[in-house]
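Taking it in order: structure first as structure tokens, then the write-up.
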Amino acid sequence: MGSRAVCIQRVAAPPCFEASSRVKKSKTVSPFFVNTRRKRRSNGVRCSSISDFIGGDLVKLDIGRWLEDVEEHKALAIYTPHEGGYEGRYLNRLKYQGYYFLDISARGLGDPETTLLNPYPVCPAHLGKQPIARWYYPPEVDYRLSALPPDAKGLVVWVLEAKVLSKSELQFLALLPSLRPNVRVIAECGNWRKFMWKPLAEIANLAAQE
């Protein structure tokens with residue numbers, strides 16, 4: 001029985017395969033992830049005052065000036081942040097001083113002088129079948145002043161949405177404390193980044209006319 005010779009020949013790998021096998025695999029990182037990470041590091045939050053740590057609604061460093069301006073000017077125009085809630089802390093300070101409040105909205109108020117100081121008529125809906133009637137209500141400010149307890153310091157007329165009032169109506173509100181000495185007026189005349197206030201006579205151009 002004859003033997004068979006087996007010839008084994010080594011076949012070299014193609015050069016392109018050898019070159020690709022020698023290349024090390026690198027970890028791919030998304031460029032979007034790198035850019036956003038660098039952007040977050042560069043735009044950090046910077047605190048400029050102590051109110052940034054505690055919260056602007058909790059820091060009441062101007063409460064003393066607020067009470068002094070209410071007693072000095074007696075009619076203020078306030079500007080509150082859009083999110084609301086800040087004006088309540090200043091309202092509570094006046095309440096602690098012994099003031100009582102009359103909250104009214106400027107929308108649908110009509111003539112402020114007639115509604116606040118004079119008896120004003122109200123016509124109820126008659127629905128087309130009842131006779132047209134007219135009821136008279138007492139003046140809002142004088143009625144509240146007569147109902148105040150003896151230990152009350154005064155009455156604060158808090159006007160909501162006073163930005164819809166005209167200049168003449170704002171001028172009457174600025175003069176209301178001079179007509180009723182126990183009355184203080186706070187009018188919400190707009191919005192601002194933080195809670196701030198100005199004399200209502202300045203907003204209504206009453207000081208320039210005098």
Single-linkage hydrophobic cluster [X]~[Y], side-chain heavy atoms < 4.5 angstrom:
| X | Y | answer |
| --- | --- | --- |
| V157 | I186 | no |
| W66 | L200 | no |
| L94 | L145 | no |
| L176 | Y143 | no |
| V183 | L179 | yes |

Checking side-chain polar atoms at under 3.5 Å, does [X] have a donor or acceptor matched by the opposite partner on [Y]?
| X | Y | result |
| --- | --- | --- |
| D62 | Y90 | yes |
| E140 | Y120 | yes |
| E188 | W158 | yes |

Any side-chain heavy-atom pair of [X] and [Y] under 4.5 Å:
| X | Y | result |
| --- | --- | --- |
| F172 | L116 | yes |
| C189 | Y79 | yes |
| L173 | L165 | yes |
| I78 | M196 | no |
| L102 | V156 | no |
| P177 | V185 | yes |

Subject >> Any donor-acceptor N/O pair, T115 side chain to P112 backbone, under 3.5 Å >> reply: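 Here the side-chain-to-backbone pair does not exist.
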Straight-line distance of [X] [atom1] to [Y] [atom2], nearest 0.5 Å:
| X | Y | atom1 | atom2 | answer |
| --- | --- | --- | --- | --- |
| R144 | D142 | CZ | CG | 11.0 Å |
| K163 | E161 | NZ | CD | 6.5 Å |
| L76 | W197 | CG | CH2 | 8.0 Å |
| E113 | L175 | CD | CG | 10.0 Å |
| L160 | I104 | CG | CD1 | 8.0 Å |
| Q171 | I203 | CD | CD1 | 12.0 Å |

**OP:** Apply ring-ring contact (aromatic ring centres under 6.0 Å, His included) to W192 and Y86, showing your working.
**Re:** CA-CA 11 Å; W192 194 244; Y86 293 84; over 10 Å; no
What heavy-atom pair brings [X] and [Y] nearest, and what distance separates the two atoms?
| X | Y | answer |
| --- | --- | --- |
| A187 | A162 | CB-CB, 3.7 Å |
| E169 | G110 | OE2-O, 3.9 Å |
| V159 | A106 | CG1-CB, 4.1 Å |

Original post:
So Y99 and L155, side-chain contact (heavy atoms from CB on, under 4.5 Å) or not? Walk me through it.
Top reply: CA-CA 6 Å; Y99 283 102; L155 178 69; over 6 Å; no
**OP:** Would you please test L117 and R180 for side-chain contact (heavy atoms from CB on, under 4.5 Å) and show each step?
**Re:** CA-CA 9 Å; L117 298 183; R180 300 293 186 270; 3.7 Å; yes
Original post:
Can you list the steps and then say if K153 with E71 is a salt bridge (charged side-chain N to carboxylate O under 4.0 Å, His left out)?
Top reply: CA-CA 11 Å; K153 190 173 182 179; E71 296 298 334; 3.6 Å; yes
